[in-house]
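Scroll down for the structure; my scribbles are underneath it.
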Amino acid sequence: MLLIALVAAVAFWVVKTDPLELRAADTVSVTDVSGWNEEAAVEELEGAGLKVRVVTDPSNEVAEGTAIETDPASGTSLTIGAPIEVHISGGPLMATIPELVGLSEDAARDAISGVEGLSLGKILPVNDAEAAAGAVLTAEVDGSAVAAGDEILQGATVDLTVATGRITVRNVEGLAIDAITSELEGMGLTVKIAEDSHCEATETPIVSKQDPAAGDVPIKSTVTLTKCTGEDSESGSEGSGSEGAEGSGSSDGPVNKADERR
């Protein structure tokens with residue numbers, strides 16, 4: 001009778017007991033370790049009896065060395081000794097700026113497209129007295145200059161300034177020709193001086209005309225500055241009046257140089 005009662009009691013306990021409770025001693029619920037540092041996350045999961053494998057994933061949102069998630073996910077019930085992966089942020093994916101300054105625009109385009117995570121942004125044409133047309137002068141990301149070897153977040157766009165091969169010459173007419181010559185030569189231009197005898201010369205020679213006109217000109221090109229070399233118009237008119245007075249005393253008709261000599 002005692003044996004029968006014992007068997008009946010065990011059977012009753014088995015029927016009434018939740019199957020999950022029977023397995024409780026052999027399973028563990030995965031802790032949510034997202035946001036923990038790697039060391040703490042691994043220690044927590046291993047302490048629960050799980051076999052932990054660390055996987056490093058790039059992330060632009062989660063700081064380097066911080067747990068992102070587990071696989072299986074937190075809250076999952078696992079058998080003690082089961083494997084689990086904890087994904088740790090390796091930080092954002094980076095891209096390295098290639099050599100750009102000094103290249104031609106086409107070569108720079110190719111260099112940018114050849115780097116994963118970089119794309120070409122705006123191209124700004126800029127006048128420069130020394131650089132050939134199409135040469136890259138500067139490279140920028142988000143308004144800040146970058147150089148070859150700099151590391152930036154993938155997904156960035158690179159803006160370029162590119163030489164036009166031209167330079168701007170201001171309007172110099174009416175200014176002292178010597179000072180303007182020095183200015184233009186300092187810009188790498190060649191200055192040619194032309195003379196105009198149809199306008200009156202000044203004590204300090206000034207520019208009466210410039211060619212090409214004010215505006216953009218090719219670098220290392222020639223600019224012609226014209227100065228006046230003509231005589232004083234008042235002096236010329238006084239001389240003509242004197243000669244006329246002398247001529248009127250000897251003849252009523254026109255006077256030529258041959259008649260005067262006779």
| query | Going by atom types alone, do D32 and S34 pair a side-chain donor with an acceptor below 3.5 Å? | reply |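 Note: D32 and S34 side chains meet the donor-acceptor criterion.
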| message | The test is side chain to side chain contact (heavy atoms under 4.5 Å, CB included); show your working for L184 and L225 and say whether it passes. | response | CA-CA 10 Å; L184 297 180; L225 302 179; 4.2 Å; yes
A side-chain contact here means heavy atoms from C-beta on lying under 4.5 Å apart; do [X] and [Y] qualify?
X	Y	result
I167	L189	yes
T224	P212	no
L50	P83	no
E200	E231	no
I123	R109	yes

Taking all atoms of both residues into account, what is the closest heavy-atom pair of [X] and [Y], and its distance?
X	Y	answer
A163	A131	CB-CB, 3.6 Å
A108	L100	O-CD2, 3.8 Å
T56	G90	CG2-CA, 3.6 Å
A67	I88	CA-CD1, 3.6 Å
P218	S221	O-OG, 2.6 Å

Under a 3.5 Å distance rule, please check whether [X] uses its side chain to pair with a backbone N or O of [Y] as donor and acceptor.
X	Y	result
T181	I177	yes
D110	A107	no
Q210	V172	yes
T31	V33	no
T76	P72	no
R166	D216	yes

What about [X] and [Y], same hydrophobic cluster or not, with Ile/Leu/Val/Met/Phe/Trp/Tyr joined at side-chain heavy-atom distances under 4.5 Å?
X	Y	result
L45	V42	yes
L124	V136	no
I206	V191	no
V162	V101	no
I193	V169	yes

| Should we count CD of E43 as having more than 12 external heavy atoms under 6.0 Å? |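 Not buried by this count: 12 neighbours or fewer within 6.0 Å.
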| Crowding at CG, D142 (>12 non-hydrogen neighbours, <6.0 Å) |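 Counting neighbours around CG of D142, 12 or fewer heavy atoms of other residues, nucleotides or ligands fall under 6.0 Å, so no.
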| field | Salt-bridge present (E46, K51; N to O < 4.0 Å) | value |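 The answer is no: the pair does not qualify as a salt bridge.
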| message | If you apply the rule side chain to side chain donor-acceptor pair (under 3.5 Å), what do you find for D26 with T79, and how did you get there? | response | CA-CA 6 Å; D26 296 326; T79 302; over 6 Å; no
Distance check, rounded to the nearest 0.5 Å: [X] atom [atom1] versus [Y] atom [atom2]?
X	Y	atom1	atom2	result
T96	D150	OG1	CG	9.0 Å
T226	K192	OG1	NZ	9.5 Å
S113	L120	OG	CG	9.0 Å
E61	I68	CD	CD1	9.0 Å
E69	H87	CD	NE2	5.5 Å
E116	M94	CD	CE	13.5 Å

| Criterion side chain to side chain contact (heavy atoms under 4.5 Å, CB included) on T190 and K220, from CA distance to verdict | CA-CA 7 Å; T190 298; K220 304 184 187 305; over 6 Å; no
| said: Given C228, which partner from the list P205, S208, S197 fulfils the side-chain contact (heavy atoms from CB on, under 4.5 Å) test? | reply: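 The residue from P205, S208, S197 that satisfies side-chain contact (heavy atoms from CB on, under 4.5 Å) with C228 turns out to be S208.
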| query | Of the options V158, I112, V115, which is the one that meets I97 in a side-chain contact (heavy atoms from CB on, under 4.5 Å)? | reply |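 Of the listed options, the one satisfying the test is V158.
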| request: Show your working on side chain to side chain contact (heavy atoms under 4.5 Å, CB included) between V30 and V28 and close with a plain yes or no. | output: CA-CA 6 Å; V30 176; V28 63; 5.8 Å; no
| message | With side chain to side chain contact (heavy atoms under 4.5 Å, CB included) as the criterion, how do L153 and L93 come out once you've worked through the C-alpha distance, each side chain's angles and the decisive distance to 0.1 Å? | response | CA-CA 6 Å; L153 292 175; L93 284 174; over 6 Å; no
| Full working for side chain to side chain donor-acceptor pair (under 3.5 Å) between D106 and S104 | CA-CA 5 Å; D106 288 342; S104 68; 5.5 Å; no
